[in-house]
Peer 1: 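Sharing a structure here in structure tokens format.
Please read all numbers here as calculations on a predicted model, not as lab measurements. Just so you know, residue 1 is the first one in the sequence shown, and it goes up from there.
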Amino acid sequence: FCLLYHQKAPHRNWLPAPKYLNLFDDKTFDPPANFFDNYEGRGRAAKEQEMQIDGHARWGHDFKLLVDPNGDSTNFFNANLRRMDEQQRADWMAAYEQENQDFLKAKLQGKELALWKYNRYIKDYLRCVQSVDDGVGEILDYLDQNGLAENTVVIYTSDQGFYLGEHGWFDKRFMYEQSFRTPLLMRFPKEIKPGTVNNDLVMNLDFAPTFLDYAGVEAPQEMQGESFRKLIAGEKVEWRDAIYYHYYEYPSEHMVKRHYGVRTDRYKLIHFYYDIDEWELYDLEKDPDEMKSVYNDPAYADVQKMLHQKLEELRAQYGDSDELSQQFLDRYLESRKKK
């Protein structure tokens, strides 16, 4: 059998299950060290996005306030309440409304306000993730209870990573590490030794060939990915030394500028284009949080040259170009208009 089990629980606007509405009420979370990032050392893209927790998240939609502290009469969270039945609304009001009223009375400003927003966001996010954990646990329990665990490949992954306050952000899209890195956990007792950690560079393009490999089916030639089955089984195989990324949905939600780039095990080169022409280069060993681009640093001249060459090779390999991405975006935007 093949079961694909998809969840949207951690998606915006992070509405927890009733049983988890009060989870983490007794905790105050500290934000990441760069939550108050001022974006110095990078170009316009990091500065001009619209995905800051303290600045772009919405009072009603994201923070679940029924009254906008700024007096804005537009509050999309009321639409969520209207979708609930009577008991659900009662549970929600009991869990959130007193805290909301206390917040409004406190009239927080500056850093204190930003930290309140962060905690409202991260708690709701983690409450939703708890439901994902429950669902995954039910599947693993079923496999164990029915004698299927030893002969079943279990793969847990996602369509992208997510910002949990790094750089002050929520959402994804950027090639910076937190959204660029994607969760990938696997269990197959016959081949994968428990506790195995593999740091080779794999991509979502590799999932289909890997699934087919486990199923004993040859991957079609047109598939651009590679099976990583042997990698995680501990076998020595030749593998890629860089991966490619391209984001082109701009101007659109969150206003993350179009960009493409290449990442090796240590370095990352990003080109922001369309309405700007800016390059950024990061040494992930020395600057894992990507706080300062070294693209124009003479000490990285050879690295820059190597990455530019590698980028062009990968764009040719995958058949990508600015022209093709524009055609794809035009079709995508047209399809959204029709909806």
Peer 1: Taking the six-membered ring for Trp, are the ring centroids of H254 and F170 within less than 6.0 Å of each other?
Peer 2: yes
Peer 1: For atom OH of Y142, is the number of surrounding heavy atoms from other residues, nucleotides or ligands below 6.0 Å larger than 12?
Peer 2: no
Peer 1: Taking atom types as modelled and ignoring hydrogens, do the side chains of Q87 and D91 form a donor-acceptor contact shorter than 3.5 angstrom?
Peer 2: yes
Peer 1: For H167 and W169, take the angle between the two ring planes, folded into 0 to 90°, and tell me which bin it lands in: parallel under 30, tilted 30 to 60, perpendicular over 60.
Peer 2: tilted
Peer 1: What side-chain hydrogen bond (donor to acceptor under 3.5 Å, both in side chains) pairs are there with at least one residue in residues 176-196, not counting sequence neighbours?
Peer 2: N151-K190, Y163-S179, Y176-E280, E177-R263, E177-K268, E191-R229
Peer 1: Parallel, tilted or perpendicular: which describes the rings of F77 and W92, with under 30° parallel and over 60° perpendicular?
Peer 2: tilted
Peer 1: Just by distance, do the side chain of W239 and the backbone of L201 share a donor-acceptor pair under 3.5 Å?
Peer 2: yes
Peer 1: Are D62 and K117 within salt-bridge range, i.e. N to O under 4.0 Å?
Peer 2: no
Peer 1: Measuring only between side-chain heavy atoms, which start at C-beta, is E313 closer than 4.5 Å to K310?
Peer 2: yes
Peer 1: Relative to each other, are the rings of W14 and Y121 parallel, tilted or perpendicular (30° and 60° limits)?
Peer 2: perpendicular
Peer 1: Ignoring hydrogens and angles, state whether a donor on the side chain of E323 or Q327 is under 3.5 Å from an acceptor on the partner side chain.
Peer 2: no
Peer 1: Tell me whether the count of non-hydrogen atoms from other residues, nucleotides or ligands lying under 6.0 Å of CG in D330 goes above 12.
Peer 2: yes
Peer 1: Run the ring-centre check on F188 versus Y214 and record whether the distance is less than 6.0 Å.
Peer 2: yes
Peer 1: Indicate whether the side chain of Y244 and that of D320 have a donor and an acceptor atom separated by less than 3.5 Å.
Peer 2: yes
Peer 1: Compute the centroid of each ring, for H271 and then for Y295, and state whether the two points are separated by less than 6.0 Å.
Peer 2: no
Peer 1: Side-chain contact test, heavy atoms from C-beta onward, threshold under 4.5 Å: evaluate it for L307 versus T264 and give yes or no.
Peer 2: yes
Peer 1: Do Y20 and D134 make a side-chain contact, defined as non-hydrogen atoms from C-beta onward lying under 4.5 Å apart?
Peer 2: yes
Peer 1: Mark yes when over 12 heavy atoms from residues, nucleotides or ligands other than F328 sit less than 6.0 Å from its CZ; otherwise mark no.
Peer 2: no
Peer 1: Decide, yes or no, whether a salt bridge links D275 with K257 under the criterion of side-chain N to carboxylate O below 4.0 Å.
Peer 2: yes
Peer 1: Do L66 and E97 touch side chain to side chain, with heavy atoms closer than 4.5 Å?
Peer 2: yes
Peer 1: Any side-chain heavy atom of Q88 sitting closer than 4.5 Å to one from R83?
Peer 2: no
Peer 1: With respect to K64, which candidate in N100, N13, D124 satisfies the side chain to side chain donor-acceptor pair (under 3.5 Å) definition?
Peer 2: D124
Peer 1: Below 6.0 angstrom between ring centroids: does that apply to F103 and F63?
Peer 2: no
Peer 1: If you count the non-hydrogen atoms of other residues, nucleotides and ligands that lie under 6.0 Å from CD in E48, is the total more than 12?
Peer 2: yes
Peer 1: Check the angle between the aromatic planes of H259 and F174 and answer parallel, tilted or perpendicular using the 30° and 60° thresholds.
Peer 2: tilted
Peer 1: Is the shortest heavy-atom distance from the side chain of D265 to the side chain of D241 under 4.5 Å?
Peer 2: no
Peer 1: Let me see the working for Y273 and D322 under side-chain hydrogen bond (donor to acceptor under 3.5 Å, both in side chains), right down to the final yes or no.
Peer 2: CA-CA 9 Å; Y273 70 101; D322 293 353; 4.8 Å; no
